[in-house]
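For ligands, and for the atoms within them, numbers begin at 1 and follow the listed sequence.
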Amino acid sequence: MTKRTLIVGNWKMHLNTSQASLLLHRLQERIRISRDIEVVLAPSMLVLQPLSLQIDRRKFRLASQNAFHKDDGAYTGEVSFTMLRDLVHYAIIGHSERRIYFGEDHSMIRDKVAACVRNEITPILCVGETQTERRQGETRQVLHDQIATALHNLTAKEVENICIAYEPVWAISTFGGILAKPDEAEKEMKFIRDQVRRLFGEKAAKRVRVLYGGSVDDQIVRGYLEIEDCDGVLVGGASINYHKFSGIVDAAYSLQREKEA
Ligand code: PEP
């Protein structure tokens, strides 16, 4: 089974409704339908509903950047995955900004992953070490702990369908944006797949999609997409720039065409 290359744009807390609608309109004109490439947009919660009415579903899918793990109840200010299930295919879970700014810990992330799966939303689980953890040689331990706890409640079959994004915190534009070279990223992405193999078996390891994220733009994306273990990219800052994001999708097309030739 060949996997579609996944390009995910995390718009973070940028773009109000009309700005988001305009960006979608422009991307929609430029980006072609492809059976090999899946383009996913993660706008703010507020904008999901209007974009869902505007979006060309042959070209794009929507993701939420977060939600609450309970399906409903007296949780003032929260939105549940149950409420989102008809709007989104994916949800970004455990992003480092949520871990660091909002104190999301292993158990919250585990509950959110489980809530996604229960509501038939594919989690894009973000994992990655901080600069300090990296300097202290703890990268592998951090990745192992993040993966093992987040996937704790899932079956091997459920793990087959999820995505894991390797996002070294030090490489994310918000936290410094030091570029992780593709060969550095490759080692950790392989380690992530190996962890899935160890915990859930060969089939889950083969099918799980492993993405890379950290200051990716149109100029450097190719280096990551060429990694054997890389099934796509999670893009933050560059995803709200029309030229950069469409350039990233173009790079994925060109690589696909070269592979087919
Ligand atoms: C992200 O938000 O997941 C991300 C990778 O951000 P950036 O591309 O801006 O580093």
Student: Nearest protein heavy atom to atom 1 (C) of ligand 1, by residue and atom, and its distance?
Tutor: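 Scanning the protein heavy atoms, the shortest distance from atom 1 (C) of ligand 1 goes to His95 NE2, 3.1 Å.
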
Student: Centre-to-centre under 6.0 Å for Tyr90 and Phe60, is that the case here?
Tutor: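 For Tyr90 and Phe60, the ring centres are not under 6.0 Å apart.
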
Student: For ligand 1, note which part of Asn10 has a heavy atom under 4.0 Å away: side chain, backbone, both or neither.
Tutor: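 Looking at Asn10 and ligand 1, just side chain atoms fall under 4.0 Å.
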
Student: For Leu234, counting its heavy atoms only, list the atoms of ligand 1 lying under 4.0 Å from any of them.
Tutor: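 Heavy-atom distances to Leu234 below 4.0 Å select 3 (O), 5 (C).
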
Student: Going by heavy atoms, is Gly177 under 4.0 Å from ligand 1?
Tutor: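 The answer is no: ligand 1 sits nowhere under 4.0 Å from a heavy atom of Gly177.
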
Student: Flag Ser215 as yes when one of its N or O atoms lies below 3.5 Å from any N or O atom of ligand 1, and as no otherwise.
Tutor: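 For ligand 1, there is an N or O atom that lies under 3.5 Å from one belonging to Ser215.
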
Student: Is there a side-chain contact between Arg99 and Val169 (heavy atoms, below 4.5 Å)?
Tutor: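 A side-chain contact is absent here, since even the closest heavy-atom pair is not under 4.5 Å.
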
Student: Identify, for atom 9 (O) of ligand 1, the protein heavy atom at the shortest distance, and state residue, atom and that distance.
Tutor: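 I find the closest protein heavy atom is Ser173 OG, 2.4 Å.
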
Student: From the options Arg193, Arg4, Lys206, select the one residue that forms a salt bridge (Lys or Arg N to Asp or Glu O under 4.0 Å) with Asp231.
Tutor: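 Output: one option passes, namely Arg193.
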
Student: Are the charged groups of Lys181 and Glu186 less than 4.0 angstrom apart, N to O?
Tutor: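 Answer for the salt bridge query: no.
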
Student: Relative to the ring of Tyr224, is the ring of Tyr212 parallel (under 30°), tilted (30 to 60°) or perpendicular (over 60°)?
Tutor: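 If you compare the ring of Tyr212 with that of Tyr224, the planes turn out parallel.
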
Student: Go through Glu184 and Arg134 one step at a time and tell me if the salt bridge (Lys or Arg N to Asp or Glu O under 4.0 Å) criterion holds.
Tutor: CA-CA 12 Å; Glu184 290 178 83; Arg134 181 180 183 229; 2.6 Å; yes

Student: Which residue supplies the protein heavy atom nearest to atom 5 (C) of ligand 1, what is that atom called, and how far is it?
Tutor: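 Minimum-distance protein heavy atom for atom 5 (C) of ligand 1 reads Glu167 OE2, 3.1 Å.
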
Student: Linking Ile, Leu, Val, Met, Phe, Trp and Tyr through side-chain heavy atoms less than 4.5 Å apart, which residues share a cluster with Val142?
Tutor: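 Under the 4.5 Å side-chain rule, Val142 groups with nothing.
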
Student: Considering only the protein, which heavy-atom contact is closest to atom 8 (O) of ligand 1, and what is its distance?
Tutor: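 Residue, atom and distance for the closest contact: Gly236 N, 2.8 Å.
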
Student: For ligand 1, which atoms, with element, lie under 4.0 Å from some heavy atom of Gly237?
Tutor: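 By the 4.0 Å cutoff, the relevant atoms are 7 (P), 8 (O), 9 (O).
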
Student: Within a distance under 4.0 Å of any heavy atom of Gly214, pick out the atoms of ligand 1 and give their elements.
Tutor: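 Going through ligand 1 atom by atom, the ones under 4.0 Å from Gly214 are 5 (C), 10 (O).
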
